[in-house]
Amino acid sequence: GMDETTVLHNPRCSTSRAALDAAQEANVDVEVLQYLKEPLTREALLELLGKLEDAPTDLVQRDATFKELGLTDADVAAPDQVADLLAEHPKLMQRPVLVRGNRAIIGRPKDRVPAFLAGN
């Protein structure tokens, strides 16, 4: 049957909540993974990056923590670098991430989500 769609979700993030709302509206059952409660391993992150249709570096949020850690874009250019960083600092992961089969996208901007849920 249909591949299940998984949403890597942060309940405190409005964009992440919007992705779950979009799934509900589209009548798509999703598995919700709260990645801050159950962080992805380095291996799982590398697998995710292999499916991601966005650049690996896009999976890293450029927020206050990123700056506090003294990081630059050059530190998160390659999949290995991104996986190392996000395994150690899961809260730096951009969200939401939607995964189905061998495809994954970052659900930003929000209007990308319905098309992905519809299988496009």
Checklist entry - Do the non-hydrogen side-chain atoms of M93 and Q61 ever get within less than 4.5 Å of each other? => result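 The answer is no; the side chains never approach within 4.5 Å.
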Taking the side chain as every heavy atom from C-beta outward, state whether V7 and V97 have any pair of such atoms under 4.5 Å apart.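 SC-SC contact between V7 and V97 ruled out.
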Geometric cation-pi criterion R95 and Y35, 6.0 Å radius, 45° cone: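 Output no; distance or angle outside limits.
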- Task: Using the test salt bridge (charged side-chain N to carboxylate O under 4.0 Å, His left out), find all partners of D58 that sit at least two apart in sequence or belong to another chain.
- Result: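 Here no residue qualifies.
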Taking only residues two or more places apart in sequence or in another chain, which ones pass side chain to side chain contact (heavy atoms under 4.5 Å, CB included) with [X]?
| X | result |
| --- | --- |
| E47 | K51 |
| A78 | Q81 |
| P79 | L46, L49, P56 |

Atom CD of residue position Q34 - does it have more than 12 heavy atoms of other residues, nucleotides or ligands inside 6.0 Å?
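Buried by this count: over 12 neighbours within 6.0 Å.
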Salt bridge (Lys or Arg N to Asp or Glu O under 4.0 Å): pairs with one or both residues in residues 70-84, sequence neighbours excluded
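Of all non-adjacent pairs touching residues 70-84, those that pass salt bridge (Lys or Arg N to Asp or Glu O under 4.0 Å) are R42-D80, R42-D84, R62-D73.
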Taking distance alone, no hydrogens or angles, what donor-acceptor pairs closer than 3.5 Å link side-chain atoms of residues 13-32 to residues at least two apart or in another chain?
from	atom 1	to	atom 2	distance (Å)
S16	OG	H9	ND1	2.7
S16	OG	N10	N	3.0
R17	NH1	P11	O	2.8

Q. Hey, are R100 and E4 close enough for a salt bridge, meaning a charged N less than 4.0 Å from a carboxylate O?
A.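 A salt bridge is absent here (no side-chain N lies under 4.0 Å from a carboxylate O).
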Please check: side-chain N/O of Q94 versus main-chain N/O of I106, any donor-acceptor pairing under 3.5 Å?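 Absent.
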